[in-house]
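Down below is the structure, laid out as structure tokens.
First the proteins, then the strands, lettered A, B, ... as listed; each starts at 1.
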There are 2 protein chains.
Amino acid sequence: MTTIYDVSKLAGVSAKTVSRVLNEPDRVKAATREQVQAAMKALDYSPNASARQLRLGGFSSIGLLLEDPASGYQSRFHQALLTACMEAGKYMTVELFEGVMPDWKARVDRFLTEGRVRDLILLPTLCDFAPLKELLRERGARAVLIAPSVHDPHFPSVVMDDRAAARQIIEYLFSLGHTRIGHITGHPDHSASILRRSGVIEAYDARGLPRPKSELFASGDFMFKKGIEAAETLLSLPEPPTAIFAANDETAAAVAMVAHRRGLSIPGDLSVVGFDDAPIASAVWPQLTTIAQPYLEMARKVVHLVDAWDQQSTQSGFVSTYLTPHELVIRESSGPVSKA
Amino acid sequence: MTTIYDVSKLAGVSAKTVSRVLNEPDRVKAATREQVQAAMKALDYSPNASARQLRLGGFSSIGLLLEDPASGYQSRFHQALLTACMEAGKYMTVELFEGVMPDWKARVDRFLTEGRVRDLILLPTLCDFAPLKELLRERGARAVLIAPSVHDPHFPSVVMDDRAAARQIIEYLFSLGHTRIGHITGHPDHSASILRRSGVIEAYDARGLPRPKSELFASGDFMFKKGIEAAETLLSLPEPPTAIFAANDETAAAVAMVAHRRGLSIPGDLSVVGFDDAPIASAVWPQLTTIAQPYLEMARKVVHLVDAWDQQSTQSGFVSTYLTPHELVIRESSGPVSKA
DNA sequence: TCGCTTTATGACATCGATGACATTTGTTAT
DNA sequence: ATAACAAATGTCATCGATGTCATAAAGCGA
């Protein structure tokens with residue numbers, strides 16, 4: 001790596017002069033400047049960002065650990081966070097954190113050091129991975145959690161009310177006359193799966209209806225493929241449901257695909273609703289009724305929390321959870337139960 | 001900002017000891033370690049990444065400028081690059097570059113300095129934005145281009161053969177008996193749009209068929225919404241096509257949706273093929289026949305080029321273009337022309 | 001040409017953390 | 001109890017760039 005000294009030597013000037021050429025070119029005589037520039041070109045010099053920053057005062061990008069960037073949920077947040085960072089004039093460095101790697105500790109360490117990251121953002125399910133959070137505390141790193149399943153007193157978090165949203169969806173289906181409603185759960189490791197499921201039951205309880213039989217709950221994992229199996233299971237029941245609430249949009253899209261294959265019309269024969277308002281929700285046919293999470297709002301809040309942490313660093317021991325609102329988006333995939 | 005010295009003072013030890021607690025905790029007596037950790041907690045200390053890196057030797061993350069992270073194409077590359085970076089032990093910092101901002105120069109400058117980035121990756125259409133490339137050269141920044149429309153002698157690039165792939169798709173449709181094939185073009189600013197379109201024509205020429213009438217070319221922009229309009233246009237023709245080749249998968253998904261709405265079966269009444277093998281291609285019904293780009297291969301090559309640049313920095317003036325292979329993926333959305 | 005102001009350049013300290021080496025403290029074996 | 005060695009901690013220099021202040025060179029009026 002060539003340094004400012006190499007350049008200064010070749011150009012026959014002092015390092016400071018090279019620095020001036022870089023930062024305040026007008027303060028250097030034209031002839032000298034050209035010599036220095038020539039030297040820089042010849043050595044393919046580019047300044048060391050760390051040194052510069054050390055001198056000028058620290059900046060640091062926000063780190064994002066992603067488990068599965070292909071998942072609609074994570075990529076949606078990823079985008080929202082990028083936007084929020086841009087608005088706030090911050091930068092984000094992304095690292096893949098693939099679950100059960102034996103060397104995950106070393107990788108996180110390396111990320112904090114070499115990735116020049118101090119503040120981390122954790123999405124589900126990482127935000128519930130206790131050993132990771134412990135490591136971060138040891139390292140003096142900070143983190144903001146998005147949708148953790150339980151509040152952690154050490155880290156601020158931003159959440160939405162999954163249970164209430166799921167309940168709202170079911171109540172909406174009730175209002176369309178559905179009473180036999182299937183639910184495809186999410187990945188068992190996500191607290192959201194449990195919350196959404198319990199929201200379903202809560203809706204039944206609140207209406208004074210008997211809880212749905214267990215056959216109406218099929219297990220999924222938030223992914224398209226598993227969604228297909230789950231949909232097949234539900235639709236093969238002797239008495240299939242008239243509506244299916246999938247734990248996320250990708251799963252709902254799978255349900256729609258299976259329904260089409262079986263010649264069922266949506267929403268005529270089957271109503272399908274998803275959760276997340278992922279891009280896929282408006283790209284499939286018919287477009288999915290779903291719960292829209294305020295991704296951008298949440299992302300902004302997260303970035304803001306990181307900032308706040310920087311400022312009032314003295315006032316420690318004060319972390320909180322922010323609840324953000326959701327919205328039921330009614331599209332084409334849901335309708336009144338057929339009279340047949 | 002609290003430094004290691006503040007901590008050392010409060011804990012009553014030397015800075016070096018604090019450093020040890022951080023980096024080799026085992027070499028510090030338990031009692032001391034706890035005192036230091038308490039001090040760190042009390043001061044909400046976190047180490048300065050710049051200083052650490054300066055001392056340890058320079059690392060720098062690779063910068064990625066994204067115009068539209070919501071686009072399937074960009075997000076697909078984004079993911080592939082993340083994976084490739086992980087494999088190579090590098091980090092990636094992402095910045096949104098929203099087209100025509102008046103202050104884009106300042107933002108790029110800031111990205112290079114504060115974002116601690118030296119090497120940049122440019123995707124279409126940024127990789128063809130001449131003023132940006134010029135700025136990068138001035139700043140001594142390096143860049144690798146993905147799928148630029150023309151080779152730039154200053155930057156290495158990685159490309160695929162869009163024209164040949166498009167031709168291959170059309171020849172495949174020919175082989176199924178289609179002769180009346182509609183094409184929805186991509187965004188006019190992307191060279192890929194032009195190449196894919198000319199691949200279509202090339203296929204006709206190669207077969208000695210008359211070139212398709214202009215009514216069979218509808219203009220799109222790679223996005224779902226515009227794809228709907230274009231599909232409506234094509235399918236409303238007095239003599240509609242029996243197959244539609246959309247310039248990307250999102251557009252193809254839109255075609256599928258419109259076809260469903262009109263009661264056309266796929267591939268019975270209409271074959272639909274896309275391009276990119278985006279996630280949506282296998283999430284819609286029926287799953288789309290498409291061209292798979294070797295995203296990961298390309299990403300690996302890009303990261304490797306960045307590395308190579310670091311090593312043989314002396315040997316400048318040597319940049320090249322790498323052509324990567326593509327593959328036709330046949331799924332459910334294409335079939336023989338109906339005998340009607 | 002001399003003294004004085006500007007302009008151009010250089011020497012040195014500094015940012016915060018860590019490596020190399022020095023020193024102190026603790027432990028074990030005799 | 002003491003040499004001998006290991007463990008724990010400290011001192012100082014260093015990474016690369018830039019701010020501060022000092023110095024050298026250039027410009028300029030009389």
Side-chain angles (χ1 to χ4, degrees), chain A residues 1-37 39-40 43-60 109-110 112-118 139-141 310 313, chain B residues 1-37 39-40 43-60 109 112-118 139-140 310 313:
Chain A
M1 193 53 53
T2 69
T3 76
I4 202 169
Y5 297 101
D6 302 320
V7 175
S8 72
K9 212 171 296 170
L10 180 61
V13 298
S14 79
K16 181 69 212 188
T17 299
V18 177
S19 169
R20 286 201 185 91
V21 170
L22 238 37
N23 297 292
E24 11 175 34
D26 298 338
R27 308 196 57 74
V28 178
K29 198 163 54 171
T32 317
R33 193 192 321 153
E34 277 156 29
Q35 258 195 336
V36 170
Q37 281 168 337
M40 295 199 306
L43 295 173
D44 191 23
Y45 166 77
S46 67
N48 178 311
S50 305
R52 208 167 188 166
Q53 278 183 244
L54 174 56
R55 198 62 183 74
L56 296 178
F59 312 97
S60 71
D109 260 341
R110 220 173 74 81
L112 293 174
T113 315
E114 303 185 17
R116 284 170 265 209
V117 159
R118 172 178 35 216
R139 292 293 181 272
D310 256 350
S313 58
Chain B
M1 193 51 56
T2 69
T3 77
I4 201 169
Y5 297 101
D6 301 322
V7 175
S8 71
K9 212 171 298 171
L10 180 61
V13 298
S14 79
K16 180 71 212 187
T17 299
V18 178
S19 168
R20 284 202 186 90
V21 171
L22 239 35
N23 297 293
E24 11 175 35
D26 299 337
R27 307 196 58 74
V28 178
K29 195 163 56 170
T32 317
R33 192 189 324 150
E34 277 154 30
Q35 258 194 335
V36 170
Q37 282 167 337
M40 295 199 306
L43 296 173
D44 190 24
Y45 165 77
S46 68
N48 179 312
S50 304
R52 210 163 185 172
Q53 277 185 242
L54 174 58
R55 196 61 183 72
L56 296 178
F59 312 96
S60 70
D109 259 342
L112 293 174
T113 315
E114 302 184 19
R116 286 169 263 210
V117 159
R118 175 179 31 219
R139 292 292 181 275
D310 256 349
S313 58

Provide, to the nearest angstrom, the distance between the CD atom belonging to Glu24(B) and the P atom belonging to dT9(D). 12 Å
Is it the case that the side chain of Arg20(A) and the backbone of Arg27(A) share a donor-acceptor pair, with hydrogens and angles ignored and the cut-off at 3.5 Å? no
dA6(D) C1' sits how many Å from Asp26(B) CG, rounded? 16 Å
Provide, to the nearest angstrom, the distance between the CG atom belonging to Leu54(A) and the P atom belonging to dA13(C). 17 Å
Please figure out whether Arg27(B) or Arg55(A) has its closest DNA chain D nucleotide nearer the 5' end. Arg27(B)
Which part of the nucleic acid does Val18(A) contact within heavy-atom distance under 4.0 Å: base, sugar-phosphate only, or nothing? nothing
Result for 5'-nearest mapping on DNA chain D, choosing between Lys16(B) and Ala51(B), is Lys16(B)
Output the rounded distance in Å from CZ (Arg33(A)) to P (dT9(C)). 10 Å
Return the value, rounded to whole Å, for the distance between atom CD1 of Ile4(A) and atom P of dA11(C). 14 Å
Distance check: side-chain N/O of Ser14(A) vs OP1/OP2 of dA11(C), anything under 4.0 Å? no
Helical bend (five base pairs per end, nearest 10°) for the helix from dT1(C)-dA30(D) to dT30(C)-dA1(D): 30°
Could you tell me how far apart Leu22(B) (CG) and dA17(C) (P) are, to the nearest whole angstrom? 8 Å
Nearest whole angstrom, please: distance from the P of dG10(D) to the OH of Tyr5(B). 13 Å
Rounding to a whole Å, what distance do you find between Arg20(A):CZ and dG16(D):P? 20 Å
